[in-house]
Structures are given as structure tokens and as C-alpha cells.
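Notes follow once the structure below has been shown.
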Amino acid sequence: MKNTTNSKENAEKNVENLKKTIERKHIIEAKTDAAEKLRELFVDSLKDIYWAEKALTKAIPKMAKNASAPKLVDGLTQHLVETEGQIVRLEKVFSLIGEKAVAKKCDAMDGLIEEGKSIMEETEVGAVRDAGIIAAAQKIEHYEIATYGTLAAWAKALGEKDAAALLVESLLEEKNADETLTEAAYHDINEDALEK
Ligand code: FE
Ligand code: FE
Ligand code: FE
Ligand code: ZN
């Protein structure tokens with residue numbers, strides 16, 4: 001009798017253990033699945049900002065050409081050089097994670113660049129157009145800051161430390177560019193726009 005009870009208990013225990021193992025396996029599978037999906041999103045977002053940076057190498061010179069205040073022209077010209085470096089940096093990120101560097105149209109950046117173009121068409125050259133260029137450029141920088149911040153966080157979450165470090169470098173350049181634009185606006189340009 002005692003043996004029968006024992007074997008019944010053992011059988012129940014075995015079933016319990018089996019259930020736990022299956023449950024654990026499902027949790028691991030769900031985690032792996034989520035990591036794969038996040039990685040896809042990460043790669044897709046890299047392609048998006050890669051397109052955006054390339055588009056900016058054409059848009060920034062047009063903004064600089066339309067700008068009048070030396071501080072603004074200098075800031076835009078300096079950021080063009082940084083933008084070219086950011087493209088090379090993104091190519092390094094692609095290579096670090098074993099992906100091909102492919103650009104995929106970023107509708108948001110396309111729209112922000114278009115908005116900048118309209119402002120330049122609708123304003124007269126000088127302080128007011130400068131103020132408009134600063135506004136358009138800061139919207140662009142803020143989009144980039146949000147993007148690089150997110151990409152760096154995802155790279156860290158995915159265990160891509162070297163890629164994360166590169167993305168943080170670009171993030172800091174974008175923040176600095178935004179700061180330069182703010183300074184150009186507050187120290188000269190907005191006041192000049194009002195004096196007219
Ligand atoms: Fe950039
Ligand atoms: Fe985008
Ligand atoms: Fe930028
Ligand atoms: Zn400042």
C-alpha cells in the first residue's frame with residue numbers, strides 16, 4: 001500500500017515538474033521573441049536616421065546659404081561637417097551589429113526639411129529669415145536628439161555596447177548643435193528681428 005502511495009506522489013511530482021519546465025521554456029521563448037522584435041525595430045530605426053542624416057547633408061547647406069548672421073552660418077557649417085561624420089558613425093554601427101548600411105526614407109525628417117524650405121521661401125532674407133531657419137533647424141535637432149537617445153538605449157538593452165557608445169557620441173553632437181542654435185537666437189538674431 002505504502003509503495004503505491006509513493007509512486008502516485010512521485011507521478012504527481014513529475015507532472016508538476018514537467019509543468020514548471022514547460023512554463024519556464026515559454027517565458028524564455030517569449031523573451032527571445034521580444035529581443036528579436038526589438039532588434040528588428042532597432043535596425044529599422046537605424047535605416048531611418050541614416051536616410052535622415054543623408055538628406056540633411058543636402059538641406060543644411062541650403063539653410064546656411066539662406067542665413068545672414070555669421071553665428072548662424074558658422075553653426076550650420078560646423079554642423080554639416082558633424083553630420084557627415086555621423087553618417088560614417090552610423091555605417092560603423094551597421095557593421096558592428098552585422099547589418100548592411102541601408103537608408104530607408106524618414107517621412108518625419110522629409111517633412112521637417114520641407115517645412116524649413118517653406119519658411120525660407122516665405123520670409124525675406126535677413127533677421128526674420130534667420131529666426132525662421134533657427135526654428136526649423138531646432139525642430140530637426142530635437143527629432144535627432146529623440147532618435148539617438150532611443151537608439152542608444154535600445155543598443156544597450158540589446159547588449160550592443162560599442163554601438164551604444166557611438167550613438168551616444170552623435171546624441172551629444174545633436175544636443176550641442178541645438179545649444180548653438182539657441183545661443184544664436186538669444187544672443188543676436190531674435191532681437192535683430194524685432195528691431196526692424
Ligand atoms: Fe545629425
Ligand atoms: Fe524617422
Ligand atoms: Fe543634427
Ligand atoms: Zn548656452
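Both counts, for ligands and for their atoms, begin at 1 and track the order of listing.
In this structure, a donor-acceptor pair under 3.5 Å is absent between the side chains of E169 and Q86. No donor-acceptor contact under 3.5 angstrom links the side chains of E23 and H26, judged on distance only. Q138 and T182 are linked by a side-chain donor-acceptor pair at a separation below 3.5 angstrom, with hydrogens and angles left out of the test. Using modelled atom types, one finds a donor on one side chain and an acceptor on the other under 3.5 Å when comparing E91 with Y50.
Within D48, OD1 is the N, O or S atom that lies nearest to the Fe ion (ligand 2). Within E174, OE1 is the N, O or S atom that lies nearest to the Fe ion (ligand 3). E144 contributes OE2 as its N, O or S atom closest to the Fe ion (ligand 1).
Here E82 does not reach the Fe ion (ligand 1): none of its N/O/S atoms is less than 2.8 Å from the metal. Taking 2.8 Å as the criterion, D107 does not count as a coordinating residue of the Fe ion (ligand 2), since none of its N, O or S atoms falls below it. Contact annotation: E141 places no N, O or S atom under 2.8 Å from the Fe ion (ligand 1). At a threshold of 2.8 Å, the Fe ion (ligand 1) has a backbone or side-chain N, O or S atom of E53 nearer than that distance. Among the atoms of S45, none of the N, O or S atoms falls under 2.8 Å from the Fe ion (ligand 2). Note on Q86: counted as a metal contact of the Fe ion (ligand 1), an N/O/S atom lying under 2.8 Å.
Residues L76 and Y143 are members of one and the same hydrophobic cluster, defined by side-chain heavy-atom contacts under 4.5 angstrom among Ile, Leu, Val, Met, Phe, Trp and Tyr.
Each of K92, K47, R39 was checked for a salt bridge (Lys or Arg N to Asp or Glu O under 4.0 Å) with E99, and the lone residue meeting it is R39.
Side chain of D178 to main chain of E141: no donor-acceptor pair is present (N/O by atom type, distance under 3.5 Å, no hydrogens or angles).
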